[in-house]
Amino acid sequence: MSDFSSLGLSDWLIQQCKQMGISKPTQVQENCMPPILEGRDCMGCAKTGSGKTAAFVLPVLQKLSEDPYGIFCLVLTPTRELAYQIAEQFRVLGKPMGLRDCIIVGGMDMITQALELSKKPHVVVATPGRLADHIRSSDTFSIKKIQFLILDEADRLLEQGCTDFTKDLEVILAAVPAKRQTLLFSATLTDTLQELKGIAMNRPFFWESKSEVRTVEELDQRYILTPEKVKDAYLVHLIQKFQDEHDDWSIMIFTNTCKNCQILTMMMQKFNFPTISLHSMMKQKQRFANLAKFKSSVFKILIATDVASRGLDIPTVQVVINHNTPGLPKIYIHRVGRTARAGRHGVSITLVTQYDIHLVHSIEGQIQAKLKEYPVEEKEVLKILTQVNVARRECEITWRQRERLNWRR
Ligand SMILES: Nc1ncnc2c1ncn2[C@@H]1O[C@H](COP(=O)(O)OP(=O)(O)OP(=O)(O)O)[C@@H](O)[C@H]1O
């Protein structure tokens, strides 16, 4: 395995990496950094938690330090929390060169952002919607001279999901120079390869980790087959067990809607579990505050929608529970990738009803691995079933009352 200096990285950056506990390059870094430093476009597809962020942050910082100006690099990413996380890596690694960054995301003050953009930061990290709004409404900044355009979670940015970025991307692509280096990264690039090649125009260097299994080896992937009505009781039982058996624990629970996310959070709080939520119907400040409380282990359980399924790097997460079976294997890969990161071990448990079995087969087909059954003492679950179902009904009533009040306001 090479070291960072043989890949062409400067001493000051190697020192910065050491301070962050990064001493040897991961595979994606080893393979993608040299072509990026040579000036090539790059598409990197590597497993979750394998260090893709540093694979683009480090070469950009090296190039930027050779000829610093603003705005030098634009990073696009699908969620606001990820934008903050990426900017943080730039800030920590780029500290010795006095890096100036700026974060442009929705839900935050537009005027403050416009002012920051006009001060020509070296690096702008943005979600597409808000950046496109700035481009449409302001002429006090320009991204016409950027050297690097980076699409993190690139396949998600091109997907036409519930948040469709394609119109905003068109606006942004029209505002950046044709002569630039384009870097595209994700754990799941393959579906969108052709469209992505169109964005990285100059014969991009393509690197994909060579491994049949698309999830990391350190991840123990489990399922529990349960009737819909018993799902919540399994969830409470699992959490109680982790709480009883571990001193230092942290769990992410994924569910499919904001409503479910809110109701499950209320339920877990009723059982006195230290729970907090993250979904797109929350105010942005609350989203950041909740994530910070979870990251610092003030709260041990984060219940989230797929707004938190990609990219978030929280090393303490040991367990991911899928309260619903994801409809797409890709979503499964990103969700379970919130644990077992950077060589650590982790467990994922997917709650599966009889109607979801075909989804599990499709997930297993894509990840090239079989999920194993998670052993549970059913008797223990049945003991709490009535109590859990009563708690759900109460929480649903409270939720409806709150919703009605919100409508009237
Ligand atoms: N060379 C390295 N050695 C050790 N740790 C590293 C190295 N490079 C990065 N890391 C750490 O690994 C963790 C995961 O990295 P990162 O968030 O970049 O993963 P990723 O590949 O982008 O994952 P995802 O697909 O989930 O977004 C981070 O905490 C990061 O600091």
Side-chain angles (χ1 to χ4, degrees), residues 28-29 31-48 50 52-53 55-57 59-60 63 71-79 82-83 86 104-106 123-136 141-210 214 306 309-311 328-331 333-334 366:
V28 63
Q29 293 162 359
N31 286 280
C32 293
M33 281 172 42
I36 300 173
L37 287 168
E38 274 167 29
R40 291 187 66 182
D41 284 3
C42 177
M43 299 169 74
C45 183
K47 292 181 186 182
T48 51
S50 62
K52 293 186 286 296
T53 318
F56 63 78
V57 170
V60 167
K63 291 283 180 190
I71 298 173
F72 182 81
C73 170
L74 169 62
V75 185
L76 299 176
T77 190
T79 69
L82 259 183
I86 294 167
I104 302 295
V105 297
V123 175
V124 173
V125 187
T127 48
R130 178 55 68 90
L131 182 67
D133 283 348
H134 280 285
I135 294 170
R136 288 186 197 103
F141 77 101
S142 164
I143 47 174
K144 261 273 154 285
K145 292 208 170 97
I146 60 160
Q147 277 284 334
F148 283 96
L149 172 68
I150 301 169
L151 270 63
D152 185 45
E153 307 295 344
D155 55 325
R156 174 67 192 94
L157 291 171
L158 293 191
E159 256 169 29
Q160 288 162 350
C162 53
T163 316
D164 190 342
F165 299 110
T166 45
K167 283 265 161 337
D168 298 321
L169 272 185
E170 275 171 26
V171 173
I172 296 165
L173 289 174
V176 294
K179 189 172 172 299
R180 61 170 192 255
Q181 243 180 291
T182 309
L183 315 179
L184 309 164
F185 283 92
S186 176
T188 50
L189 276 183
T190 20
D191 301 357
T192 38
L193 220 51
Q194 283 317 315
E195 289 134 286
L196 288 169
K197 278 186 178 151
I199 295 180
M201 289 166 293
N202 316 313
R203 268 195 329 108
F205 170 81
F206 177 70
W207 188 80
E208 185 171 21
S209 48
K210 280 190 200 70
R214 294 182 67 196
D306 283 308
S309 67
R310 279 183 183 248
L328 291 173
K330 211 185 219 206
I331 296 180
I333 291 172
H334 289 282
Q366 279 271 326

Indicate the atoms forming the closest heavy-atom contact of [X] with [Y], along with that distance.
| X | Y | result |
| --- | --- | --- |
| Ile36 | Ala55 | CD1-O, 3.6 Å |
| Lys47 | Ser209 | N-OG, 3.9 Å |
| Pro128 | Phe165 | CG-CD2, 3.5 Å |
| Ile146 | Cys73 | CG2-N, 4.4 Å |

Working to the nearest 0.5 Å, report the span between [atom1] of [X] and [atom2] of [Y].
| X | Y | atom1 | atom2 | value |
| --- | --- | --- | --- | --- |
| Phe205 | Cys32 | CZ | SG | 5.5 Å |
| Glu159 | Thr166 | CD | OG1 | 11.0 Å |
| Thr127 | Ile104 | OG1 | CD1 | 9.0 Å |
| Leu157 | Asp152 | CG | CG | 8.0 Å |

Apply side-chain hydrogen bond (donor to acceptor under 3.5 Å, both in side chains) to [X] and list each qualifying residue two or more places apart in sequence or on a separate chain.
| X | result |
| --- | --- |
| Asp155 | Ser186, Thr188, Arg310, Lys330 |
| Arg40 | none |
| Arg136 | Asp133, Asp168 |
| Ser142 | none |

Student check: side-chain heavy atoms of [X] and [Y] closer than 4.5 Å:
| X | Y | result |
| --- | --- | --- |
| Lys63 | Phe148 | yes |
| Val28 | Phe185 | yes |
| Leu189 | Glu208 | no |
| Val60 | Val75 | no |
| Ile86 | Phe56 | yes |

Give the table of side-chain donor-acceptor pairs shorter than 3.5 Å for residues 173-180, with sequence neighbours excluded, one pair per line with atom names and distance.
{"from": "Arg180", "atom 1": "NE", "to": "Thr182", "atom 2": "OG1", "distance (Å)": "2.8"}
{"from": "Arg180", "atom 1": "NH1", "to": "Pro177", "atom 2": "O", "distance (Å)": "3.2"}
{"from": "Arg180", "atom 1": "NH2", "to": "Ile199", "atom 2": "O", "distance (Å)": "2.9"}

Over 12 foreign heavy atoms within 6.0 Å of NZ, Lys167: no
Residues passing the side chain to side chain contact (heavy atoms under 4.5 Å, CB included) test with Ala187, sequence neighbours excluded, are Thr48, Lys52, His334
Considering the options Leu151, Val105, Leu82, Ile150, which one meets the side chain to side chain contact (heavy atoms under 4.5 Å, CB included) requirement together with Thr77?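 It is Leu82; the other options fail the test.
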